[in-house]
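Worksheet: one structure, shown below.
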Amino acid sequence: MQRWNGWGDDTMYVDLPIQGHNLLRELLGKGNVKADYPLEKFIKRIPTSRLPHHPLISTNPKERLDHSHGQSLPDWIGLRGGTLQHFPDGVAQPSTTEEVQALLDFSGKHDAVVIPFGGGTSVVGHLQVPEGDRPVLSLSLKRLNRLIDLSPNSLLATFESGILGIDIEAHLMTRGFKLGHYPQSFEFSSLGGWVATRSSGQQSLHYGRIEQLFAGGELVTPKGILKIPPFPASAAGPDLRHIVLGSEGRLGVLTKVIVRISHIPEKDNVFGVFFPSWDYAKDAVQALAGAGIPFSMIRLSNPAETMTNLALAGHGKQIALMRGFLRLRGIPAKGACMCLVGFIGIKRFVKTARRESFSILWQHKGVSVGKVIGEAWKKNRFRMPYLRNTLWDMGYAVDTLETAVTWDKVTTTMEEIEKAIKESMEPRNEKVHVFSHLSHVYSTGSSIYTTYMFRLSDTPEETLARWKTIKKAASQAIVKAGGTISHQHGVGVDHKPYLEAEKGPVGMSTIRQLCNHLDPENRMNPNKLLD
Ligand SMILES: Cc1cc2nc3c(=O)[nH]c(=O)nc-3n(C[C@H](O)[C@H](O)[C@H](O)COP(=O)(O)OP(=O)(O)OC[C@H]3O[C@@H](n4cnc5c(N)ncnc54)[C@H](O)[C@@H]3O)c2cc1C
């Protein structure tokens, strides 16, 4: 069963190795352990529903609680600290497009707000329930979870939009295909949610981001149904897929999604490479990204993240042996950067791609440690988010943020974000542990993914205030550096104040007009993306 106040399956627990405990104590001080707000108290506090009866709408308090949040840190603080205040008036789980349409008609008739709910893994407040007089309906896509059609000839598959990543891959793998979209939330996030937030997967360098995989589909809007056919390519005016991508539930409900699929590859290898310093490492991945070599992933950790990841991994003896090997080859313990480099495809191509890329890596003093680290990463990649639960139980909060900039700005932007985060907590006399990696590299630039950890405060209000201070400082640093406010998580409510800086007034009014056109009564997920 899914955990009601944290991440993932509630039978799963990921322990923090002793090295991780010691590191956090040393860097942040002893965690401030807080008791969780009990479920029973929440259930008692859920107000009477303002929606009239409808056969498809449940007003069960637990379901309403489960649909009142996503997985952002403010969502967690509200849930675990008991400060969450707003709940949907009802939850509907339609199982056909006609039922979705009927629910939109019903909400129109009763002036209700509708929040499309996919997997509920948003980390930027997409699912926050608005305050106000209008009743709120959470429209869960959970039961729209079927494979509708698979076309091996055209390499296309049509799914209902609420299907979760793990089920998409299960359907396709048994038939010899893959979608290959692996956000870290893969087990719990949905296809419709990926499209609506423009998500990016861990191996998107090979398979493509969701915008490359999204071939067409069906969007039920208050104005009618928008159908987008899956052309291989088209020059027939603006591409309507791009108004659906990143629409964050503002334009309507995606019910069907057609995706581009591929054959299961012969090889899917990830290698670990270490560099003596950030400058060598960053120059190496920039050279790789511009070399035209087909990678599946390049993920470069800065020195702070390398040190943290090795501590959190445990396996003290093996890591000490590896460090000894690296020392002999000129990689110091301090300042070293770890990089994961992946290749996917037929054996012959993978061999050539690996040879070409390793010759570039060697020119930049990279030292390969083979496939062990890469295999361990692949095995554990969906377990890592469970550490959020473990760390919270130890009295620490963890959050991440991300941007993308052109290569000339990568290092300075990363440094400015980390500096802004650390300095923001100085007036409170609290420490923050910050580290970053380049998660998706492109020939023109890279994304920067920053993680920060800090101690919980005595009250949820003060923990939230700490988060707000950090988030504001980091977002301002991103805007100042000329980065996008999000490379993959979307806008939601948390990034809304910074959107205009990159879209400009004409861009903002274009998006607003589009929302007004398809949703003239402003009923679809209001106040997300823009006010
Ligand atoms: C531990 C963790 C790891 C993550 N890792 C990644 C990562 O690697 N890459 C990445 O890109 N993101 C990542 N995320 C963020 C999140 O998983 C993505 O934003 C994901 O795409 C959200 O999908 P969802 O189905 O959970 O959508 P939800 O959270 O349910 O909804 C998100 C938004 O999409 C809208 N929406 C959902 N379904 C539909 C639909 N059918 N029609 C219209 N609108 C809809 C909602 O209204 C909402 O505005 C991570 C999150 C967590 C908690």
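These values consider heavy atoms only, across backbone and side chains, with no hydrogens, waters or symmetry-generated copies. As the structure lists them, so they are numbered: ligands from 1, and atoms in each ligand from 1. For this chain, numbers begin at 1 and follow the sequence in order. It should be emphasised that the depicted structure is a prediction, and the values quoted were computed from it without experimental measurement.
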Original post:
With a 3.5 Å cut-off and no angle check, do the side chains of His489 and Thr197 form a donor-acceptor pair?
Top reply: no

Original post:
Is Arg388 salt-bridged to Asp393, cutoff N-O under 4.0 Å?
Top reply: no

Original post:
Any luck finding a side-chain donor-acceptor pair between Ser58 and Asn60 under 3.5 Å?
Top reply: no

Original post:
Under 4.0 Å from ligand 1, counting heavy atoms only, is it the side chain of Tyr182, its backbone, both or neither?
Top reply: neither

Original post:
Out of Met524, His489, Arg388, Arg198, whose heavy atom sits nearest atom 12 (N) of ligand 1?
Top reply: His489

**OP:** Determine the minimum heavy-atom distance between Gly216 and Arg241, stating which atoms define it.
**Re:** N-CD, 4.3 Å

**OP:** Quick one: look at Gln71 and ligand 1, take heavy-atom pairs under 4.0 Å, and tell me if it's side chain, backbone, both or neither.
**Re:** side chain

**OP:** Assess the pair Phe188 and Trp7: is the distance between their ring centroids shorter than 6.0 Å?
**Re:** yes

Original post:
When you measure from atom 15 (C) of ligand 1 to each heavy atom in Thr121, Thr221, Leu219, which option holds the nearest one?
Top reply: Thr121

**OP:** Consider every N or O of Ser185 and every N or O of ligand 1, then say whether any pair is closer than 3.5 Å.
**Re:** yes

Subject >> Donor + acceptor pair across side chains of Glu418, Ser436 (<3.5 Å) >> reply: yes

Subject >> Val123, portion touching ligand 1 at heavy-atom distance under 4.0 Å >> reply: side chain

Subject >> Any N or O of Gln184 closer than 3.5 Å to N or O of ligand 1 >> reply: yes

Subject >> Option of least heavy-atom distance to atom 18 (C) of ligand 1 (set: Val244, Thr197, Leu529) >> reply: Thr197

**OP:** May I ask you to identify, for Thr255, whether its side chain, its backbone, both or neither come under 4.0 Å of ligand 1 on a heavy-atom basis?
**Re:** neither

Original post:
So among Arg381, Glu169, Lys378, which one has a side chain to side chain donor-acceptor pair (under 3.5 Å) with Tyr182?
Top reply: Glu169

Original post:
If you measure from each non-hydrogen atom of Pro385 to ligand 1, which part falls under 4.0 Å: side chain, backbone, both or neither?
Top reply: side chain

Original post:
For ligand 1, does Leu141 get within less than 4.0 Å through its side chain, its backbone, both, or neither, judged by non-hydrogen atoms?
Top reply: side chain

